[in-house]
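Below: the structure, in structure tokens.
All residue numbers refer to positions in the sequence shown, counting from 1. Predicted, not measured: the structure shown is a model, and the values here were computed from it.
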Amino acid sequence: MKGVGELSHQLGARFRRGIRPSDPEKDVYVIDMQSYITEVLRKIEEHHGTLRLHKTPLPPGDHPEEVAEDPLDHIEKRHYQQLIGMANWLVTMGRLDIHHAVTTLAHPI
């Protein structure tokens, strides 16, 4: 598209030009999801309170896929689906380190 300027922010991601270390003559785009992550965390803490820091995406021994009954009412389930959707967008945009946790948590819904 002509005349719209340089890409800087789209769908929660910030784009900026960078230099490829292996070939400094070529420009590359760097994708930064920090503003999206900050907004997601703000929304989660607004609803659930302050989050605790964990070293892994899922606590050891946690098996959410083994829940036999649906512990959430309709409104809670909708909110859970929104949280999974936000986390899935982070995976799509490159946060592969949380892929297993997001997939595991999405399975019960």
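Under a hydrophobic clustering in which Ile, Leu, Val, Met, Phe, Trp and Tyr are joined whenever their side-chain heavy atoms come within less than 4.5 Å, directly or via other members, Val28 and Ile31 fall into different clusters. Following chains of ILVMFWY side-chain contacts shorter than 4.5 Å, one can reach Leu11 starting from Met33, so the two form part of one hydrophobic cluster. Put simply, Tyr36 and Leu41 are part of the same group of oily side chains (I, L, V, M, F, W, Y) that touch within less than 4.5 Å, one to the next. Under the 4.5 Å side-chain heavy-atom criterion for Ile, Leu, Val, Met, Phe, Trp and Tyr, Ile75 and Leu72 are members of distinct hydrophobic clusters.
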message: Is there a side chain to side chain contact (heavy atoms under 4.5 Å, CB included) between Met86 and Leu83? Walk through the geometry before answering.
response: CA-CA 5 Å; Met86 289 185 277; Leu83 293 173; 3.6 Å; yes
query: Given Lys43 and Glu46, is the salt bridge (Lys or Arg N to Asp or Glu O under 4.0 Å) satisfied, shown in steps?
result: CA-CA 5 Å; Lys43 286 180 180 180; Glu46 184 179 280; over 6 Å; no
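No more than 12 heavy atoms of other residues, nucleotides or ligands lie within 6.0 Å of NE2 in His74, so this atom counts as exposed by the packing criterion. By the 6.0 Å contact criterion, CG on Leu51 is enclosed, its count of non-hydrogen atoms from other residues, nucleotides or ligands being greater than 12.
Checked by atom type and distance alone, the side chain of Tyr80 pairs as donor or acceptor with a backbone atom of Leu105 at under 3.5 Å. Although no hydrogens or angles enter the test, the distance criterion places a donor-acceptor pair under 3.5 Å between the side chain of Glu76 and the main chain of Asp73.
Taking each heavy atom of Ser35 and Gly12 in turn, the nearest pair found is OG-O, 3.7 Å. When all heavy atoms of Arg95 and Asp97 are compared, the closest pair comes out as NH2-OD2, 2.6 Å.
Thr38 and Gln34 share a side-chain donor-acceptor pair at under 3.5 Å.
Distance CD1/Ile98 to OG1/Thr103: 9.5 Å, rounded to 0.5 Å. Distance CD1/Ile37 to CG/Asp32: 8.0 Å, rounded to 0.5 Å.
The side chain to side chain contact (heavy atoms under 4.5 Å, CB included) with His99 is formed by just one residue from the set Asn88, Thr92, Val91, Leu90; it is Val91.
For Arg16, there are no side-chain hydrogen bond (donor to acceptor under 3.5 Å, both in side chains) partners, not counting sequence neighbours. The side-chain hydrogen bond (donor to acceptor under 3.5 Å, both in side chains) search around Arg52 returns none, not counting sequence neighbours. Partners of His47 according to the ring-ring contact (aromatic ring centres under 6.0 Å, His included) rule, which considers only residues two or more places apart in sequence or in another chain, are His79.
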